[in-house]
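Have a look at the structure below before the remarks.
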Amino acid sequence: MQSWLCTGLHFSFLDVVVVIISSVCRENRAPVVFTNAIGRSEWSGLYEYQFTSLILSELNDFIRFEAHRRGYNESRTQRHTENPFHSSFLDGRPKQYWNKHYQIGLAVALVSN
């Protein structure tokens, strides 16, 4: 069984390509994230025990921006990106945070139409 699943390429208004490879079999590991703007994130692919408070803050910044952006963009295209975080990773907090900001992006898009 493969332990990685690619969720695809997504383009923003700045033509930034974000590739997220979500971990589907490794509940204690962050997804691998690569963008053409910054390359691979410091927290990308790390195991839970490797996270520091600074790295966790960077992960949260990424989630807040990227989940919101995807929710906003996907409300217009009728597509849906699966949450790339395992429900057990870091006690499920990144998955919950992604869902929250994805929903905010959807709501903002609905209001701006």
Side-chain angles (χ1 to χ4, degrees):
M1 177 185 304
Q2 288 185 317
S3 59
W4 299 102
L5 173 68
C6 183
T7 61
L9 300 176
H10 295 271
F11 296 89
S12 75
F13 60 92
L14 297 175
D15 291 330
V16 174
V17 178
V18 179
V19 177
I20 299 178
I21 303 173
S22 60
S23 178
V24 295
C25 295
R26 297 182 182 182
E27 63 188 49
N28 62 342
R29 192 168 187 183
V32 174
V33 174
F34 178 87
T35 73
N36 65 339
I38 62 170
R40 187 171 170 169
S41 300
E42 182 177 358
W43 53 266
S44 176
L46 293 183
Y47 288 94
E48 288 177 323
Y49 73 87
Q50 295 174 300
F51 274 77
T52 64
S53 58
L54 178 60
I55 294 172
L56 185 57
S57 176
E58 291 173 3
L59 171 66
N60 287 335
D61 289 345
F62 168 79
I63 292 172
R64 188 172 35 257
F65 175 79
E66 186 63 19
H68 183 279
R69 183 183 74 84
R70 288 185 185 222
Y72 184 89
N73 288 346
E74 291 174 4
S75 72
R76 298 170 185 280
T77 62
Q78 303 301 312
R79 296 179 60 193
H80 177 70
T81 298
E82 293 298 319
N83 189 318
F85 295 94
H86 192 282
S87 59
S88 296
F89 177 66
L90 295 173
D91 296 323
R93 289 186 306 269
K95 186 173 188 80
Q96 293 169 357
Y97 201 53
W98 178 280
N99 289 339
K100 173 185 173 182
H101 285 280
Y102 187 90
Q103 293 301 318
I104 291 171
L106 289 174
V108 169
L110 291 174
V111 171
S112 66
N113 283 335

Salt bridge (Lys or Arg N to Asp or Glu O under 4.0 Å) contacts in which one or both residues fall within residues 31-51, not counting sequence neighbours: none
Compare every heavy atom of Y102 with every heavy atom of R70, then report the nearest pair and how far apart it is. C-CE1, 3.8 Å
Any V19 side-chain heavy atom under 4.5 Å of V33 side chain: no
Find the distance between CG (D61) and CH2 (W43) and round it off to the nearest 0.5 Å. 11.0 Å
For the residue pair F62 and W98, categorise the inter-ring angle as parallel (less than 30°), tilted (30 to 60°) or perpendicular (more than 60°). tilted
Check whether any side-chain heavy atom of P31 lies under 4.5 Å from a side-chain heavy atom of F85, and answer yes or no. yes
Calculate, to the nearest 0.5 Å, the distance between atoms CD and CZ belonging to E74 and R69 respectively. 8.5 Å
CG of N28 to CG of L46, rounded to nearest 0.5 Å, is 11.5 Å
Heavy-atom closest pair (L59 atom, P94 atom, distance to 0.1 Å) is CD2-CG, 4.1 Å
When rounded to the nearest 0.5 angstrom, what distance separates CD1 in I63 from NZ in K100? 11.5 Å
Sequence neighbours left out, what passes side-chain contact (heavy atoms from CB on, under 4.5 Å) with I38? Give chain and number order. T35, S41
Any donor-acceptor pair under 3.5 Å linking the side-chain atoms of S112 with those of R76? yes
Using the side chain to side chain donor-acceptor pair (under 3.5 Å) rule, collect all pairs that involve residues 49-60, keeping only residues at least two apart or in two chains. none
Can you tell me how far apart CG (D91) and CZ (F89) are? Round to the nearest 0.5 Å. 10.5 Å
Spacing of R93 atom CZ and L56 atom CG [to the nearest 0.5 Å]: 7.0 Å
Any non-hydrogen side-chain atom of V108 less than 4.5 Å from a side-chain atom of H68? yes
